[in-house]
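Residue numbers start from 1 in every chain, and the chains themselves are labelled A, B, ... in the order their sequence lines are given, proteins ahead of strands. All heavy atoms count here, side chains included; hydrogens, waters and symmetry mates do not.
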There are 2 protein chains.
Amino acid sequence: MPVGFNADEMKRLDEVVEKRRRVKQGELLFNSGDTFTSLYAIRTGFFKTCVTSEDGREQVTGFQMAGEIIGMDGIVSDHHNCNAIALEDAEVCVMPFATIEDLSRELPVLQRHVHKIMSREIVRENSVMMLLGNMRAEERLAAFLLNLVQRLHARGLSQSELVLRMTREEIGSYLGLKLETVSRAFSKFSEDGIIEVKQRYVKIIAPDALKKIFNPQTYF
Amino acid sequence: MPVGFNADEMKRLDEVVEKRRRVKQGELLFNSGDTFTSLYAIRTGFFKTCVTSEDGREQVTGFQMAGEIIGMDGIVSDHHNCNAIALEDAEVCVMPFATIEDLSRELPVLQRHVHKIMSREIVRENSVMMLLGNMRAEERLAAFLLNLVQRLHARGLSQSELVLRMTREEIGSYLGLKLETVSRAFSKFSEDGIIEVKQRYVKIIAPDALKKIFNPQTYF
DNA sequence: ATTATCTTTTGATGTGTATCAAAGTACTTT
DNA sequence: AAAGTACTTTGATACACATCAAAAGATAAT
């Protein structure tokens with residue numbers, strides 16, 4: 001759990017963690033339709049969440065990494081509304097939502113924290129809607145890469161190098177593109193000297209060029 | 001505010017409403033960047049929310065009607081992250097978020113309600129992502145119309161007739177389409193005898209046909 | 001090590017939607 | 001009532017991305 005709590009509060013916060021759970025690569029943390037009981041704080045590993053339409057189309061709705069919270073989709077109906085799948089071996093803290101609610105009635109700082117996490121997710125999805133509704137393929141991929149390295153950097157990792165945990169198809173699903181289009185955009189960036197790609201490994205050589213693609217106007 | 005509260009709780013809930021505010025058609029309830037203080041419960045009228053990219057592209061992120069809550073985008077950063085614009089003369093209840101938080105520490109039923117509203121918004125945005133990422137123009141419009149009448153019907157209005165409060169361009173922005181494409185999809189539905197359209201007035205003649213377009217698989 | 005499977009890349013072609021353009025319709029203002 | 005403004009419809013054309021196809025490269029299984 002994050003900063004902003006004092007020592008005493010931290011102690012109380014331990015109460016919300018019922019247990020830890022390991023999830024192997026490819027395994028489900030929860031499935032759409034499962035009864036909702038808990039939120040999950042990712043300790044290690046990497047997840048994707050996705051929704052599936054009745055006719056089988058899959059939409060990746062997000063990629064989550066250490067320190068992030070998943071499961072909030074389940075609160076409204078007491079059933080999960082998406083699947084959460086580990087893209088690498090992972091460990092999560094299981095936090096029963098009833099406990100979170102009980103404790104956040106006593107700890108305003110926790111209450112505020114829960115509200116912010118949910119609001120952050122709403123805002124994130126707003127910007128994905130902007131991506132999907134208004135941006136072209138290369139803009140989407142540029143935004144995606146910038147967002148990923150920014151989050152990795154916030155966790156002490158490089159801001160220029162990363163190893164993708166997901167396939168081109170999963171990136172495409174998230175960005176509303178086909179895997180071939182994602183691959184072509186990677187190749188284009190590589191040809192233009194903006195990034196270096198070797199399979200899942202990506203090195204960002206010219207972050208400003210990526211930002212310029214994502215948001216052309218800023219640079220004129 | 002909604003059901004699920006007893007008389008005593010209802011009385012307490014009045015405390016969260018600081019005042020009412022009228023918003024005329026075309027006016028802003030709040031603007032991206034405004035300091036966040038309150039959530040708004042729509043009493044009457046119809047709103048759109050939208051985000052704007054730095055280079056001026058606009059994405060409508062939702063349409064909200066009586067009984068729905070807007071403003072949750074502001075919680076995470078204490079500043080609003082989208083614009084809320086009245087599409088017809090409206091009245092809202094201003095509910096200072098600090099008061100909501102105070103009271104929801106005392107009333108578990110209110111606490112739960114707030115969580116559900118935010119979770120519902122997350123789930124709604126998930127399904128918009130599915131629309132934008134996977135569906136074709138006519139599927140998007142079919143889903144949009146079905147969702148609108150369903151919500152209107154839940155408010156005691158007709159489940160087959162509606163008057164759109166937004167332009168083709170605003171529908172298009174929400175659905176990731178250009179206004180001409182929206183117009184053509186309306187015309188197509190009309191030619192096929194699925195709906196009757198006259199400008200903003202829409203009558204749904206064959207709801208099953210719309211559902212079939214939205215989700216072809218279900219009918220085989 | 002060898003085979004099988006999965007993932008990625010690249011090319012050729014097709015298509016759904018965007019763009020450009022213009023006319024028609026409704027609404028607002030004076 | 002007339003003129004101006006905003007919105008909608010429809011047609012012609014363009015283009016970005018999808019689709020189809022095949023090969024190359026990685027990863028996993030035996």
Side-chain angles (χ1 to χ4, degrees), chain A residues 24-27 48 57-60 85 87-89 131-145 162-192 195-203 213 216, chain B residues 24-26 46 48 57-60 85 87-89 131-145 162-192 195-203 213 216:
Chain A
K24 288 225 184 88
Q25 182 173 349
E27 285 183 359
K48 71 169 178 181
R57 282 179 280 196
E58 186 175 291
Q59 172 72 37
V60 172
I85 297 162
L87 295 181
E88 60 179 6
D89 290 357
L131 269 195
L132 294 174
N134 275 296
M135 308 278 208
R136 294 191 291 101
E138 290 178 20
E139 298 177 298
R140 296 184 204 187
L141 187 63
F144 172 74
L145 289 173
L162 69 157
V163 175
L164 298 170
R165 249 68 241 210
M166 68 294 280
T167 67
R168 302 289 189 260
E169 187 169 19
E170 286 162 337
I171 296 172
S173 173
Y174 184 56
L175 298 177
L177 302 168
K178 292 295 161 185
L179 69 96
E180 296 94 328
T181 305
V182 174
S183 177
R184 279 183 238 270
F186 269 119
S187 300
K188 178 67 165 37
F189 288 169
S190 181
E191 283 162 30
D192 294 350
I195 63 174
E196 217 179 284
V197 201
K198 182 134 199 229
Q199 300 290 124
R200 303 281 179 99
Y201 168 83
V202 179
K203 180 173 188 173
I213 289 166
Chain B
K24 289 224 184 88
Q25 182 173 348
F46 202 92
K48 70 168 178 181
R57 282 178 280 195
E58 187 174 290
Q59 173 71 38
V60 172
I85 297 162
L87 296 180
E88 61 180 5
D89 291 356
L131 268 195
L132 294 174
N134 276 296
M135 308 278 208
R136 293 193 291 100
E138 289 178 20
E139 296 177 298
R140 296 183 202 186
L141 187 63
F144 172 75
L145 289 173
L162 70 156
V163 176
L164 299 169
R165 250 67 239 210
M166 69 295 279
T167 67
R168 303 289 189 259
E169 186 170 17
E170 287 163 335
I171 296 172
S173 173
Y174 184 56
L175 298 178
L177 302 169
K178 292 296 162 183
L179 68 95
E180 295 94 329
T181 305
V182 174
S183 176
R184 279 182 238 271
F186 270 119
S187 300
K188 178 66 162 38
F189 289 170
S190 181
E191 283 161 32
D192 294 350
I195 64 174
E196 217 179 283
V197 201
K198 182 132 198 232
Q199 301 289 125
R200 303 281 179 99
Y201 168 83
V202 179
K203 180 173 188 172
I213 288 166

A:Arg200 side chain near A:Leu162 side chain, heavy-atom distance below 4.5 Å: no
Nucleotide by nucleotide, 5' to 3', does protein get under 4.0 Å of the base (B), only the sugar-phosphate (S), or neither (-) in nucleotides 3-21 of chain C, counting heavy atoms? ----SSBBBB----SSBB-
Send over the distance from B:Gln25 CD to C:dC27 P, rounded to a whole Å. 12 Å
From CD of B:Glu170 over to P of D:dA6, roughly how many Å is that when rounded to an integer? 14 Å
Find the distance B:Ile195:CD1 to D:dT8:P and express it as a whole number of Å. 13 Å
Under the side-chain contact (heavy atoms from CB on, under 4.5 Å) test, residues paired with A:Arg184 that sit two or more places apart: A:Glu180
With a cut-off of 6.0 Å (strictly less than), are more than 12 heavy atoms of other residues, nucleotides or ligands near CD of B:Glu169? no
Close side-chain approach of A:Thr167 to A:Leu179, heavy-atom, < 4.5 Å: no
Quick one, A:Lys188 and A:Glu138 - any side-chain contact, counting heavy atoms below 4.5 Å? yes
Given side chains that start at C-beta, do those of B:Ile171 and B:Phe186 come closer than 4.5 Å, heavy atoms only? yes
To the nearest angstrom, how far is B:Leu141 atom CG from D:dT8 atom P? 13 Å
Just how far, in rounded Å, is C1' of D:dA18 from CZ of A:Arg57? 14 Å
